[in-house]
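We name chains A, B, ... by the order of the sequence lines, and we start the count at 1 in each one.
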There are 2 protein chains.
Amino acid sequence: MSTIYEVATLAGVSPATVSRVFNGHPVSPEKVSSVRAAAAQLHFTPNRSAKRLRTQSSELIALLIPDIENPFFTALARGVEDRAQEAGFSIVLCNTDDEPEKETRYLDIANSEDMAGVILAPAAEDGDISHLTDRGRPVVAVDRNTGLDIDSVMVDNRAAGTWATTALLDAGHRRIACIAGPLDLEDTEERGLGWRTTMRRRGEPGFESLLRHADYRVEGGRAAMNELLALREPPDAVVTTNNLMGVGALQALAAAGITPPEFGVAVVGELPFSTLPPEAITEVRLPARHLGITAASLLLDRIAGDTQPARTVVLRAELARRAAR
Amino acid sequence: MSTIYEVATLAGVSPATVSRVFNGHPVSPEKVSSVRAAAAQLHFTPNRSAKRLRTQSSELIALLIPDIENPFFTALARGVEDRAQEAGFSIVLCNTDDEPEKETRYLDIANSEDMAGVILAPAAEDGDISHLTDRGRPVVAVDRNTGLDIDSVMVDNRAAGTWATTALLDAGHRRIACIAGPLDLEDTEERGLGWRTTMRRRGEPGFESLLRHADYRVEGGRAAMNELLALREPPDAVVTTNNLMGVGALQALAAAGITPPEFGVAVVGELPFSTLPPEAITEVRLPARHLGITAASLLLDRIAGDTQPARTVVLRAELARRAAR
DNA sequence: GTGAAAGCGCTAACAA
DNA sequence: TTGTTAGCGCTTTCAC
């Protein structure tokens, strides 16, 4: 690796001038071109560690997500990446597995790497981000709330749960079960609440016994669905509060020889890579990519120096039958 | 952020001693504890940029994949991450979108960030990695071959294509189509070659007209399947050379009211999040996670100083009906 | 517009 | 075992 000094020597200028050329500071045209020529000849790439050490900042954004194998989060990541890219930032994707320790480790790394900011889909428990915020590094929460006073981008989870349930009621289903996520996650509570409120308002008796909690993963959804099917009075429809549990529920139904829409299925989220025929399933689509874009925009504002009070943006879900694709 | 100097002052030792404590070099027990106490009190975290600038190396591995939304690659990423984590390395995931420019940019970043090494699922065209290898930074290719003399981890693509085709023949299908990937990717050629060789050996007439090329994405698979279905003499089965095109093909079949296994479908790769009943589809499972683990292992060997000639590891695919899950 | 020089925080000789 | 010191490659005053 060549350094700024070698380029300077070759170009017949001082190191400072080379630096200026690479950072867009005013330099006379002749020197610019001789520096560029020298740099090209030496395959010079500025050393980012040195630059960061000196400037205490970088064009790197950390994105912490709980499950890289969940298409919802990869779509979100795409959104973040697209927006960040436009602004000249690169994103570093970190998979926390919903483990607070991993989350903490990555937050530490973001801090000690002098990253420009962090977008965080928080693990179940609230992490400590004070070492970042103390240094003026912005953090934006996405998809899940933190107890912290920071910008956040959420989905209207209550409405999503309500729509899913209402769609099944409208289709004539009555005993509508709900497979919800872990008890300690607020967004899950909200989606489950949408179901509960709707069912209560509808006055369906005994619906409370049709609630199950699982872990947001395929296996959890399948197990919960199997439990529900084994009930003395099984449901005739189910709402799942995320995409993967929807997949699990459908797998359980398929194994039991039950086919939607005979048995009603509504999923909060989009069924990933589904090969089911159109119109069989109700999806309440979450704007995953848009969540990412919005979070990135908020973060970029902060990086640019915006100091207004913390904002919360709530995006709407979109009710959709599975369309032919 | 506190520095090593402040910790040293508070602990009553020299900066070098603080550094030694944090890097596991021999220091007397009393000093170790006073340094640790001081560090804790100041919330000291070593500055990674400074460390990297000094040592010219880091515990960061870049993983470049062409499509973060393809579950095959996220599974691969999990494998890399798990193995790297064990060894104390963090991975930085970069999405190249199969665009050579993005790949180049990320390779440059990996270089100028002094990353310990790179695992690369190469975009279609061969990138230039000489600036990395010149500095002794190891690069390992995974899933796709490069023309370069570096370690690589591949799947036995030819066999995978052959198995998929044979399974359909064994199930009684005769006019077996093939939806293959882009023409310029070697692994695709290999998988397609497995199909072609098998069909030729079997002596089925006119099978060459049942070959289509698509872009490895869902939409491409769907379009190709629709084309095949519109043929005067449509096929009675199809092999797709990756997972997403398999999804697309199944979507097209579902839309046309055709159901496997009446129409034979064999997929090279695993159908992600499938809710189809067991036994309907043939999958030739690719060891995605294992590819990642192996690539990470090879890379870690190199990082540790291994200088043997470039190795190529070929992993076997696994023939499977969709099992009940 | 340009150069000289200091210093970001850390580690690794070298000395003691 | 410990401290002193130089320097990794860059940016940024401060002079000119």
Side-chain angles (χ1 to χ4, degrees), chain A residues 1-36 38-39 42-60 108-116 131 135-137, chain B residues 1-36 38-39 42-60 108-116 131 135-137:
Chain A
M1 278 263 286
S2 47
T3 74
I4 215 171
Y5 285 92
E6 307 172 44
V7 176
T9 307
L10 184 58
V13 301
S14 77
T17 298
V18 179
S19 171
R20 292 187 183 109
V21 169
F22 274 85
N23 290 288
H25 297 302
V27 171
S28 70
E30 313 85 66
K31 303 220 165 179
V32 169
S33 53
S34 66
V35 166
R36 291 222 180 282
L42 296 172
H43 301 296
F44 170 72
T45 315
N47 181 309
R48 289 168 164 250
S49 302
K51 174 169 190 162
R52 273 225 287 287
L53 177 58
R54 182 60 230 243
T55 63
Q56 313 270 6
S57 77
S58 69
E59 278 70 53
L60 245 38
D108 281 346
I109 291 181
N111 186 41
S112 62
E113 291 275 1
D114 288 321
M115 294 199 190
H131 50 302
R135 296 180 64 208
R137 304 276 183 239
Chain B
M1 277 263 287
S2 47
T3 74
I4 216 170
Y5 285 92
E6 306 173 44
V7 176
T9 307
L10 182 60
V13 301
S14 76
T17 298
V18 178
S19 170
R20 289 187 184 110
V21 168
F22 275 85
N23 291 288
H25 298 303
V27 172
S28 71
E30 313 87 65
K31 304 223 163 181
V32 168
S33 53
S34 66
V35 165
R36 292 220 179 283
L42 297 172
H43 301 294
F44 170 72
T45 315
N47 181 308
R48 290 167 164 250
S49 302
K51 175 170 188 161
R52 271 225 289 286
L53 177 58
R54 181 59 232 239
T55 63
Q56 313 271 2
S57 78
S58 69
E59 278 70 52
L60 246 37
D108 280 346
I109 291 180
N111 187 41
S112 62
E113 291 275 2
D114 287 322
M115 295 199 188
H131 51 303
R135 296 179 64 208
R137 304 278 183 236

Can you sort out the partners of [X] under salt bridge (charged side-chain N to carboxylate O under 4.0 Å, His left out), two or more places apart, ordered by chain and number?
X	result
B:R54	none
B:R135	B:D114
A:E113	A:R52, B:R48, B:R52

Residues two or more places apart in sequence or in another chain: which of them pass side chain to side chain contact (heavy atoms under 4.5 Å, CB included) with [X]?
X	value
B:H43	none
A:S34	A:A11
B:T9	none

Tell me the closest heavy-atom pair linking [X] and [Y], and the distance in Å.
X	Y	answer
A:L53	B:S49	N-CB, 4.1 Å
A:S112	B:P46	CB-O, 3.4 Å
A:F44	A:I4	CE1-N, 3.6 Å
A:P15	A:A8	N-CB, 3.6 Å

For this session: Please examine the side chains of B:N47 and B:T3, heavy atoms only from C-beta on, and report whether any two atoms are closer than 4.5 Å.
Result: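 In short, these two side chains do not touch, never coming nearer than 4.5 Å.
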
Exercise. Got a second to check how far B:M115's CE is from B:I109's CD1, nearest 0.5 Å?
Worked result: 7.5 Å

Contacts under 3.5 angstrom, residues 20-32 of chain A side chains, donor-acceptor by atom type, not counting sequence neighbours:
| unit_1 | atom_1 | unit_2 | atom_2 | d |
| --- | --- | --- | --- | --- |
| A:N23 | OD1 | A:K51 | NZ | 3.2 |
| A:N23 | ND2 | A:S19 | O | 2.8 |
| A:N23 | ND2 | A:S19 | OG | 3.4 |

Exercise. So where does chain B start and stop touching DNA chain C, 5' to 3', when the test is distance under 4.0 Å to a non-hydrogen atom?
Worked result: C:dG9 to C:dA13

Problem set entry | Five-pair end axes of the helix from C:dG1-D:dC16 to C:dA16-D:dT1 and the angle they enclose, rounded to 10° |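 Here the helix ends are tilted 30° relative to one another.
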
Seminar exercise, completed: Contact span of DNA chain D against chain A, any nucleotide atom under 4.0 Å from a heavy atom, 5' to 3', runs D:dG9 to D:dT13

Exercise. If only atom types and distance count, is the side chain of A:S2 paired as donor or acceptor with the main-chain N or O of A:L42 below 3.5 Å?
Worked result: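 Yes: the side chain of A:S2 pairs with the backbone of A:L42.
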
Exercise. Which is true for A:F44 with a 4.0 Å heavy-atom rule: it touches a base, it touches only sugar-phosphate, or it touches nothing?
Worked result: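 Here A:F44 touches the backbone only, sparing every base.
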
Problem set entry | Proximity to DNA chain D (any heavy atom under 4.0 Å), residues of residues 13-20 of chain A only | A:A16, A:S19, A:R20

Problem set entry | Sub-4.0 Å heavy-atom contacts from residues 24-33 of chain B onto DNA chain C, ordered by number |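 None - not one residue of the stretch has a heavy atom sitting under 4.0 Å from the strand.
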
